[in-house]
Amino acid sequence: MPTLEKPAIQRELHYQRTFQVAVGAAPESKIYTLHEDIFLPRSTFLRAARSHDWATDETITDLTDEKAKIFEAYLHCVYRDEVNKTYKSNHSHQPLFELYVLADKLGDAKTANVIIDEIVERSKDILIPFATEARYVYTHSVAGSPLRMLLVDLLVHEWDGVAGRNRHFPKQLLLDAMSEYARIKVECAEAEVMAAFTTTLQEQDYGRYHVHNDEYPVSECSTECIYNTEDGEEPMETEA
């Protein structure tokens, strides 16, 4: 895995420039004070919320529809560039799915990529998601999203065929899995089909599920962000 050198001169941070965010529904809502120079360059959502057209110094950004526990896990990812140990040690996909959905909502591509890399890494120890987890992903993501693509790959490449876990999966997930199955059958030579179906997430190219934007371009990614496809399709770019 390539290692990127840090720039010789890094942008100076102004630690007194802060803003507040309200997280969680009342009466359990919590107020967090965040550094502008750390969070606004990363998050398109927070940057838009803090724009001069919408906010004053006293304006509290509203994230009351989010859970404080998940938001604190997001803060850990931003400050440490890693998923916290509680989420790493959990034996289900759901916490990381929820964490990814929050990072994606906030438009923080760098943190979303950190989280999805952790999902890929832990997929060798956790079975494919339950139907409830799959429904959560499809309810909180759009067609073509990296999280949906990862879920499809888990089903196509790593499902052991045990009955029961696939009950009540979203119809669109099953259609997407069938589409991926057909793509492999068409694009791979007959002798390569079995190898393609049994390629695990860890064996595929790093960066396959990454997103990038103006704040976090491909050139700043710590992994090789190239899809493992014949046409050289590049990672998903999102608008700022």
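Treat the numbers as computed from the prediction; the structure is a model and nothing was measured.
- The hydrophobic cluster containing Y181 does not contain L175, counting ILVMFWY residues as joined when their side-chain heavy atoms lie under 4.5 angstrom apart, directly or transitively.
- Counting all heavy atoms, side chain and backbone alike, V156 lies closest to A177 at CG2-O, 3.7 Å.
- For the residue pair A109 and H212, the shortest heavy atom distance occurs at CB-CA, 4.2 Å.
- Between L154 and S123 the shortest side-chain heavy-atom distance falls below 4.5 Å.
- Nearest heavy atoms, R135 versus H168: NH1-O, 3.1 Å.
- Between I184 and H157, the closest side-chain pair of non-hydrogen atoms falls below 4.5 Å.
- E82 places a side-chain heavy atom less than 4.5 Å from the side chain of H76.
- Although no hydrogens or angles enter the test, the distance criterion places a donor-acceptor pair under 3.5 Å between the side chain of E133 and the main chain of Q94.
- The distance from atom NZ of K67 to atom CD of E98, rounded to the nearest 0.5 Å, is 5.0 Å.
- For the atom pair R148 CZ and L173 CG, the distance stands at 9.0 Å (nearest 0.5 Å).
- By the criterion of side-chain heavy atoms lying less than 4.5 angstrom apart, applied directly or through intervening Ile, Leu, Val, Met, Phe, Trp or Tyr residues, F45 is not grouped with I60; the two fall into different hydrophobic clusters.
- A heavy-atom distance below 4.5 Å is found between the side chains of T59 and R50.
- With contacts defined as side-chain heavy-atom distances shorter than 4.5 Å, the pair H210/D117 qualifies.
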Q: Evaluate the side-chain contact (heavy atoms from CB on, under 4.5 Å) criterion for residues L46 and D108: first the C-alpha distance (whole Å), next the side-chain angles of each, then the deciding distance (0.1 Å), finally the verdict.
A: CA-CA 9 Å; L46 293 177; D108 185 344; over 6 Å; no
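- The aromatic rings of F39 and Y79 sit perpendicular, their planes meeting at an angle over 60°, well past the 30° parallel limit.
- K105 is listed as a side-chain neighbour of D65, based on a closest heavy-atom distance under 4.5 Å.
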Q | Test side-chain contact (heavy atoms from CB on, under 4.5 Å) applied to K110 and D81, step by step | A | CA-CA 9 Å; K110 184 175 183 180; D81 279 330; 3.6 Å; yes
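- The minimum heavy-atom distance linking S29 with A22 is given by the pair OG-CB, 4.1 Å.
- M178 and V137 fall into different hydrophobic clusters, where Ile, Leu, Val, Met, Phe, Trp and Tyr side chains are chained together by heavy-atom contacts under 4.5 Å.
- Across every non-hydrogen atom of Y87 and N84, the tightest pair is N-OD1, 2.9 Å.
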(Q) L63 vs L106, test: side-chain contact (heavy atoms from CB on, under 4.5 Å). Steps then yes/no. (A) CA-CA 10 Å; L63 284 176; L106 295 179; 4.2 Å; yes
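- At a threshold of 4.5 Å between non-hydrogen side-chain atoms, the residues D176 and L155 do not count as touching.
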Q | D104 vs S141, side-chain contact (heavy atoms from CB on, under 4.5 Å): CA-CA, chis, key distance, verdict | A | CA-CA 9 Å; D104 184 57; S141 63; 5.9 Å; no
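- Within a 6.0 Å sphere centred on NZ of K185, other residues, nucleotides and ligands contribute 12 heavy atoms or fewer.
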Q: Evaluate the salt bridge (Lys or Arg N to Asp or Glu O under 4.0 Å) criterion for residues E72 and K69: first the C-alpha distance (whole Å), next the side-chain angles of each, then the deciding distance (0.1 Å), finally the verdict.
A: CA-CA 5 Å; E72 290 176 3; K69 180 180 179 180; over 6 Å; no
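- Considering CD of E118 and CD1 of I116, their distance stands at 12.0 Å, rounded to 0.5 Å.
- Atom OH in Y32 sits 13.5 Å away from atom CZ in F19 (nearest 0.5 Å).
- Formation of a donor-acceptor pair under 3.5 Å by the S89 side chain with backbone atoms of T86 is found in this model.
- The aromatic rings of Y74 and F71 are tilted relative to each other, their planes meeting at an angle between 30° and 60°.
- Closest approach of R42 to V78, counting heavy atoms only: NH1-O, 3.4 Å.
- Taking 4.5 Å as the limit, every side-chain heavy atom of L102 sits out of range of all side-chain heavy atoms of T111.
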